[in-house]
**Student:** 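My questions will all concern the structure given below.
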Amino acid sequence: METLLELRNIVKRFGDVIANDHVNLEVRKGEIHGLLGENGAGKTTLMNVLYGIYQPDEGEIIFEGKKVRFKSPKDAISAGIGMVHQHFMLVPRMNVLQNLVLGYRTPSDPLVDVRWVEEKVRKLSRRYGIDIALYEVVMNLSVGEEQRVEILKALFRDVKLLILDEPTAVLTPKEVETLFSALKAMTKSGLTIIFITHKLKEALSVTDRITVLRKGKNVGTVETKKTNERELARMMIGREVVMDIQKPKIEFGSEILKVQDLWVKDDRGQDAVKGVSFSIRSGEIFGVAGVSGNGQKELEEAIAGLRKPFRGKIALDGKDITNLGVAGRKDIAYIPEDRIGVGLAPSLSVMENLFMKDFKNFKKGLTLDFKSMEEEARKLIEEFSVKTPSVHAPASTLSGGNIQRLILAREFSRNPKVIIASQPTRGLDVAGIDYVRRRLIESAEKGCAVLLISEDLDEIFQLSDRIAVMYEGEIRGIIPREKADYETVGYLMAGGMEVAA
Amino acid sequence: MRVDVEAVITSGFIISLLASSIRAGTPLLFATLGEIVTERSGILNLGLEGIMITGAFTGFAVSFLTGNPWLGIVLAGFAGMALAFVHAFFSVTLKANQSITGLMLVLLGLGITGFFGRDYIGQVATYIDPIEIPVLSSIPVVGEIVFRHDPLVYLALLLAFVIWFLLFRTRYGLEIIASGENPEAADSLGVDVDRIRYLSTMLGGFLVGIGGAYLSLAYAKLWTEGMTAGRGWICLALVIFSGWMPQRAILGAYLFGGLDVLSFKLQAVGFGVSYHLLAMVPYVVTIIFLLFSVIRKREAFGAPASLGLPYIRGKRY
């Protein structure tokens, strides 16, 4: 088969972060090429470079044998490349037909030739088995239908190469089946498809070849027929140099946090957590692994009191706290994934952020006792080694690692019984990572029950006593640390079923 | 306070009220249509009051100097377009705060016209006069209300339908609406969002300028400082009232024009309600309507989703 697209040595940096590190990719005409990797592996960035949304810092793109340079999506579209983004690019208030034809010149341009569009869509629908009501307003469509509109948008422009970014993330299993059969029909009529995913099973069931990316680098390309889930999981997750933190043996105490058959909905009203149960004892670190978007956020928010579950029970020290608000859960410390948005008030000072939950401890008549507040703040800053010009500096001026230290200082100084730490080291430098992990272990030693939610398997393995894997809102097995290995956990993360507990 | 209702509500009163509602509504209709195009593309131009007064002055001055009121109308449009260009430059190219730039235009327009307009106060220019449409104008009642206006009244009506057609039946229209709703989506399909926003803002300014010139050359037939008297703000309310739909702007403009006229006429016949209370009515109506549009947020009535937000490609990542 001939080569349709070649990416050579693509480098893309964002500031100091290198998202694509000399990536090569070769896609053949008429194949479905899987692009596999964890979140943050650089898949989407690579495709955005190809689609003209980003300009590469180095490297070249060869499409149909010619070296090309796409300054904007417009160039990519006119060359014959279409992309269905993970976040749909639709105009909700326009109808399907208007969305399809947006920016497209019909024969009667500048008038929109509605009959011509209808005819063309009818042909496409017949050929690929994609059905859609043209005059329905997009905001009334289901997610699956929205995706069909997105795919039709590309087909409508007669693309030769179609990029699908995590197309199944939002679909029901039945919709996934429909999508896959449509994709196969498309390649039969000569279309080439790049299929981005982090789910092994899907990559295996629909692709011809698979390229695996890890931490911005190309790990290798394999023939789908000649590989299996285990091999792919190993390529995807790899083995990293584990940082040298010795976790002492901690004696577990009584059961502190107990979650029973918890059901939580996400912002869209879909079930995001589906009947999760677990309990954590004093001194124990309970790690939840999984690709984000599988219900972790809803789970942690439900426990922290930011989101109401609609079924199930959460108990702290044997006391039912399911219906208490955040203020009623004083014994729970929460280190959110979104440090700046949820964890802090960025424009307020370091001191104000430190005592946000405790202003009433500093009451002095009608005003606050700023003097003792300042003193207390200085102590905490020293204890948690937060690097800041002063306690009055706005929290937003701190670096990522220091912002995290500031949050730890606030949360840990309140002597919590439970700590929820969500992606606590994401984006931090080595020193920051080391500090946060040591602090978490220290808290466990002091008798806290720690719920660690992380996508970083090294972190999960380094800190956890037991490892649970979350997939599509369910816990797919809880494995004691000493019995767990990367392959099994990676396999479960990608939607595999537990073989033996 | 007793008012003789029968003396107020005569058929002559009603006919003249309706006829002048249409004339009073016409400058509002021009400006509202202009702002609808601008806002549909995602740009909020709060400077209508300043652009209208600039149009009113430019139109009057050109007509006074050349004796050609139509040239005045056209140049007023270009003056409005020039101010709108300034707004577009700040909002689109510099990604500045659109509310502040818009308010700046208000002060700029009022200031400049106040300064240059001093010598024109009390002068007489050539005006645009009503025409009587043959046959139709002699229909009793209806003829008097509808068919005895100046050509710009009919032009404004026609324009409402032209803009409706532009927005909902042409490629440009879809590109304008998409730029105002989801510029990222438009960009991903190769639409030049910045260009669309520039053009829409400038077309909008052109129409607002004409609306201003209508005031001085056809409605009031004079020039005074600050003669727009808040009509620019009324039009911003009218855009909301009409749910960003050109065809609904017709009804809104005539209704609000009518309320304006009514408050004058009632005052003239000694109706015992304060002028200020009556002048409030358009705004109260707008607030009530706004309330409904918020309640029905996801329906067709809402503001363009990206109204007032600068677009920067790839900002999300």
Side-chain angles (χ1 to χ4, degrees), chain A residues 12 14 17 19 44-45 48-49 51-55 70-79 81-95 97-114 117 137-140 146 149-150 153-154 156-157 163 165, chain B residues 36-37 39-42 161-197 199-200 203 243-245 293 296-307 309 311-317:
Chain A
K12 179 67 195 170
F14 296 101
V17 183
T44 302
T45 304
N48 281 340
V49 166
Y51 195 57
I53 292 176
Y54 297 146
Q55 299 304 310
F70 300 141
K71 288 199 191 71
S72 74
K74 194 176 188 168
D75 297 347
I77 293 168
S78 54
I81 297 176
M83 180 159 174
V84 176
H85 298 265
Q86 206 170 342
H87 307 278
F88 295 150
M89 303 267 191
L90 295 171
V91 182
R93 214 177 280 165
M94 300 208 297
N95 67 30
L97 186 142
Q98 289 170 328
N99 268 283
L100 285 178
V101 83
L102 176 60
Y104 189 89
R105 286 161 201 253
T106 57
S108 61
D109 190 69
L111 299 193
V112 176
D113 190 338
V114 175
V117 177
V137 179
V138 164
M139 69 171 117
N140 297 333
E146 283 184 6
V149 178
E150 281 284 14
K153 246 162 72 177
F156 190 77
R157 285 162 177 75
I163 306 163
D165 191 358
Chain B
I36 285 177
V37 174
E39 292 195 12
R40 278 283 184 174
S41 80
F161 289 101
V162 169
I163 287 177
W164 171 83
F165 188 83
L166 169 81
L167 284 177
F168 298 106
R169 288 293 178 270
T170 69
R171 172 170 60 87
Y172 302 123
L174 293 183
E175 293 180 3
I176 292 172
I177 295 173
S179 300
E181 294 285 341
N182 186 351
E184 207 179 6
D187 190 23
S188 78
L189 289 174
V191 173
D192 187 340
V193 174
D194 285 1
R195 186 166 156 266
I196 290 286
R197 287 183 163 184
L199 292 177
S200 305
L203 174 59
W244 289 265
M245 296 294 207
S293 73
R296 304 178 54 184
K297 209 193 221 153
R298 282 177 63 82
E299 307 292 313
F301 276 100
S306 296
L307 180 61
L309 305 175
Y311 174 63
I312 303 163
R313 181 186 287 166
K315 197 185 100 192
R316 270 211 325 212
Y317 298 92

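This is a predicted model, so every value here is computed, not measured. The analysis underlying the following values was restricted to heavy atoms, covering all of them including side chains, and did not include hydrogens, waters or symmetry mates. Here is how names work: the chains are called A, B, and so on, in the same order as the sequence lines, proteins then strands, and each is numbered from 1.
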**Student:** Assess the residue pair V112(A) and F168(B) against the criterion (side chain to side chain contact (heavy atoms under 4.5 Å, CB included)); give the C-alpha distance rounded to whole Å, side-chain angles, the decisive distance to 0.1 Å, and a yes or no.
**Tutor:** CA-CA 9 Å; V112(A) 176; F168(B) 298 106; over 6 Å; no
**Student:** What part of Y51(A) is in contact with chain B, defined as an atom under 4.5 angstrom from a non-hydrogen atom: side chain, backbone, both or neither?
**Tutor:**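 Only the side chain of Y51(A) comes within 4.5 Å of chain B.
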**Student:** Taking it one step at a time, do R157(A) and L189(B) satisfy side chain to side chain contact (heavy atoms under 4.5 Å, CB included)?
**Tutor:** CA-CA 10 Å; R157(A) 285 162 177 75; L189(B) 289 174; 3.7 Å; yes
**Student:** Is D113(A) close to chain B through its backbone or its side chain, or both, or neither, when contacts mean heavy atoms under 4.5 Å?
**Tutor:**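 It is neither, since no heavy atom gets under 4.5 Å.
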**Student:** How long is the span from the CD atom in E181(B) to the CD atom in Q98(A), to the nearest 0.5 Å?
**Tutor:**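 If I round to the nearest 0.5 Å, the distance is 10.5 Å.
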**Student:** When heavy-atom pairs shorter than 4.5 Å are enumerated against chain B, which of K153(A), M83(A), R105(A) gives the highest number?
**Tutor:**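 Most heavy-atom pairs under 4.5 Å with chain B: R105(A).
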**Student:** Scan E150(A), H85(A), K74(A) and name whichever one has a side-chain contact (heavy atoms from CB on, under 4.5 Å) with S188(B).
**Tutor:**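 Testing each of E150(A), H85(A), K74(A) against S188(B), the sole residue satisfying side-chain contact (heavy atoms from CB on, under 4.5 Å) is H85(A).
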**Student:** So which of V114(A), V101(A), L90(A) has the biggest tally of heavy-atom pairs under 4.5 Å with chain B?
**Tutor:**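 So the answer, after comparing V114(A), V101(A), L90(A), is L90(A).
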**Student:** Is I77(A) close to chain B through its backbone or its side chain, or both, or neither, when contacts mean heavy atoms under 4.5 Å?
**Tutor:**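 Contact with chain B: side chain only.
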**Student:** Please check: side-chain N/O of N182(B) versus main-chain N/O of V91(A), any donor-acceptor pairing under 3.5 Å?
**Tutor:**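 Looks like no, no N/O pair under 3.5 Å.
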**Student:** Heavy-atom pairs under 4.5 Å with chain B are the metric here; pick the option from A154(A), G103(A), G82(A) that has the most.
**Tutor:**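 Of the candidates given, the most pairs with chain B belong to G103(A).
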